[in-house]
Amino acid sequence: FPLIPGEKNYIDPTTYDNPERAVSEFAKELDRNLIKLEAIIGGGEFGDVYKGDMKLPGQPSMKVAIKTLKAGATRKNRTDFLIEASVMGQFKHINVITLEGVVTKTTPLLIVTEFMENGSLDKYLKENDGVLKAPQLLGLAQGVASGMEYLAGMHFVHRDLAARNVLVNANLACKVADFGLSRDIGNTAESEYETQGGKIPVRWTAPEAITYRKFSTASDIWSYGILLWEIMSFAERPYWNWGNEEVMKRVAEGYRLPPPMNCPKTVHQLMKECWLTDRTKRPAFKEIVRIIEEWIKYPEKLNEDYIKVRRTEPLDYAAFTSIKDWLEAIKMGMYASNFSKAGYEELSDVAQLT
Ligand SMILES: CCCCn1c(-c2ccccc2C)cn2c3c(=O)[nH]c(=O)n(C)c3nc12
């Protein structure tokens, strides 16, 4: 991407001659003795994730999460591990997980992040099924959209945006995590579909990314639509128990997920815009953030008849003579006095205004 003045671009760590140089550029090397591993909180094929404690000199001890790379891992696993840390170290946003540092001088390698008390978003939603109401659900959705707006602004394409890869802290802030760039075989339970370029989590991936591996911010927006459906359905499995082949076929034929129970029509409308086949027509993350902000500020905008008002057929202005009739027709009768006080009586007076 041409560097646009003032806009920071993320630097692809694979452009460094070796991953050690990239990680030293973007991540702080930590002293392993300052980190205490307490309990396993997650597991991957190449190492476990722990909850722990870290005490840096001159700082109070802090809760951290620690990803480990087990000793027997291959050189490629080590490279991918260091690349993930190099990518995370370049980001600084409230809705993107914060890298505290790495341990690379001794094994096992460690990546240390802030600790997110409520764990992964899919687990949090399942544990709060029916408890969270629309405003809270939309607050979660807004956090993810803000984090993705920032990453898109850095020209970073995530490629695996899903509720399982978003974490929730004690204040219910959502943060995008899991920057494993290359989709290792099996590094996510979801990657059931194999293409020559590695594994793809089909039910979260845009058609153009599945068919010809065109990953872009637009394909991240498709994934965001699926994640929004996960939020509104309390982490129901997208396309339920359909097989991957069936999902790809039905989606290519135009099938789209229906609104989850109690999901406002307007929210499902936004999901469907994220799932437009023409990726250039999908909304930008900036727009998605603004729309959700409106819904949180003015919840009445979520209900359907607001849509009806917006979608009335074009008015036949000739049908009205007085301003009062016109304003009443568009449910704005309460403003008739404003117009008459300002001396506007006839509709023609208004026509000159516009
Ligand atoms: C989807 C992310 C999976 C790995 N991971 C990470 C993480 C993510 C990327 C690099 C390094 C780490 C430690 C933090 N946390 C956390 C956390 O802060 N709190 C948690 O409860 N869990 C389950 C976590 N799981 C992780």
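Read the numbers this way: they start at 1 and go in the same order the structure lists the ligands and their atoms. Since this is a predicted model, take the numbers as computed values, not measurements.
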>> If hydrophobic clusters are built by linking Ile, Leu, Val, Met, Phe, Trp and Tyr wherever their side-chain heavy atoms come under 4.5 Å apart, do V289 and V267 end up in the same one?
In response: no

> So E294 and R290, salt bridge (Lys or Arg N to Asp or Glu O under 4.0 Å) or not? Walk me through it.
Replying inline: CA-CA 6 Å; E294 283 292 290; R290 192 177 40 74; over 6 Å; no

> In terms of ring plane angle, is the pair F156 and Y10 parallel, tilted or perpendicular, where the classes change at 30° and 60°?
Replying inline: perpendicular

> Of all the atoms in ligand 1, which lie at a distance below 4.0 Å from a heavy atom belonging to F115?
Replying inline: 18 (O), 19 (N)

> If you count the atoms of ligand 1 from 1 in the order shown, which ones are under 4.0 Å from a heavy atom of G119?
Replying inline: 20 (C), 21 (O)

> Any heavy atom of E117 sitting closer than 4.0 Å to ligand 1?
Replying inline: no

> Looking only at protein heavy atoms, which one is nearest to atom 10 (C) of ligand 1, and how far off is it?
Replying inline: M88 SD, 3.6 Å

> Side chains of W204 and E230: donor-acceptor distance under 3.5 Å anywhere?
Replying inline: yes

>> So for K123, does at least one of its heavy atoms come nearer than 4.0 angstrom to any atom of ligand 1?
In response: no

> For ligand 1, which atoms have a heavy atom of E84 less than 4.0 angstrom away?
Replying inline: 9 (C), 10 (C)

>> Please tell me whether S86 and R21 have a donor and an acceptor in their side chains that are separated by less than 3.5 angstrom.
In response: no

> Which residue and non-hydrogen atom of the protein lie closest to atom 15 (N) of ligand 1, and at what distance in Å?
Replying inline: L167 CD1, 3.5 Å

> Looking only at protein heavy atoms, which one is nearest to atom 17 (C) of ligand 1, and how far off is it?
Replying inline: M116 N, 3.6 Å

>> Which residue and atom name correspond to the protein heavy atom nearest atom 12 (C) of ligand 1, and how close is it?
In response: T113 CG2, 3.5 Å

> Without hydrogens or angle criteria, can the side chains of T15 and D12 be said to hold a donor-acceptor pair below 3.5 Å?
Replying inline: no

> Can you list the atoms of ligand 1 that are under 4.0 Å from a heavy atom of E114?
Replying inline: 18 (O)

> For the residue pair W222 and W275, does the interplanar ring angle fall in the parallel (under 30°), tilted (30 to 60°) or perpendicular (over 60°) class?
Replying inline: tilted

> Of all the non-hydrogen atoms in the protein, which one sits nearest to atom 23 (C) of ligand 1, and at what distance?
Replying inline: I41 O, 3.8 Å

>> Checking T74 against N77: is there a side-chain donor and acceptor pair closer than 3.5 Å?
In response: yes

> Going by the order shown, which atoms of ligand 1 are within less than 4.0 Å of some heavy atom of I97?
Replying inline: 14 (C)

> Does ligand 1 have any atom sitting under 4.0 Å from a heavy atom of K51?
Replying inline: no

> Between W326 and F339, what is the ring plane arrangement, given parallel below 30°, perpendicular above 60°, and tilted in between?
Replying inline: perpendicular

> Do the numbers put R203 on top of the ring of Y239, so that NZ or CZ is under 6.0 Å from the six-membered ring centre and no more than 45° off the axis?
Replying inline: no

>> Just to confirm my output: which protein heavy-atom neighbour is closest to atom 4 (C) of ligand 1, and how far is it?
In response: V49 CG2, 3.9 Å

> Quick one: nearest non-hydrogen protein atom to atom 1 (C) of ligand 1, plus distance?
Replying inline: R164 O, 3.8 Å

> In terms of atom number and element, which parts of ligand 1 are under 4.0 angstrom from non-hydrogen atoms of A65?
Replying inline: 13 (C), 14 (C), 15 (N), 16 (C), 17 (C), 18 (O)

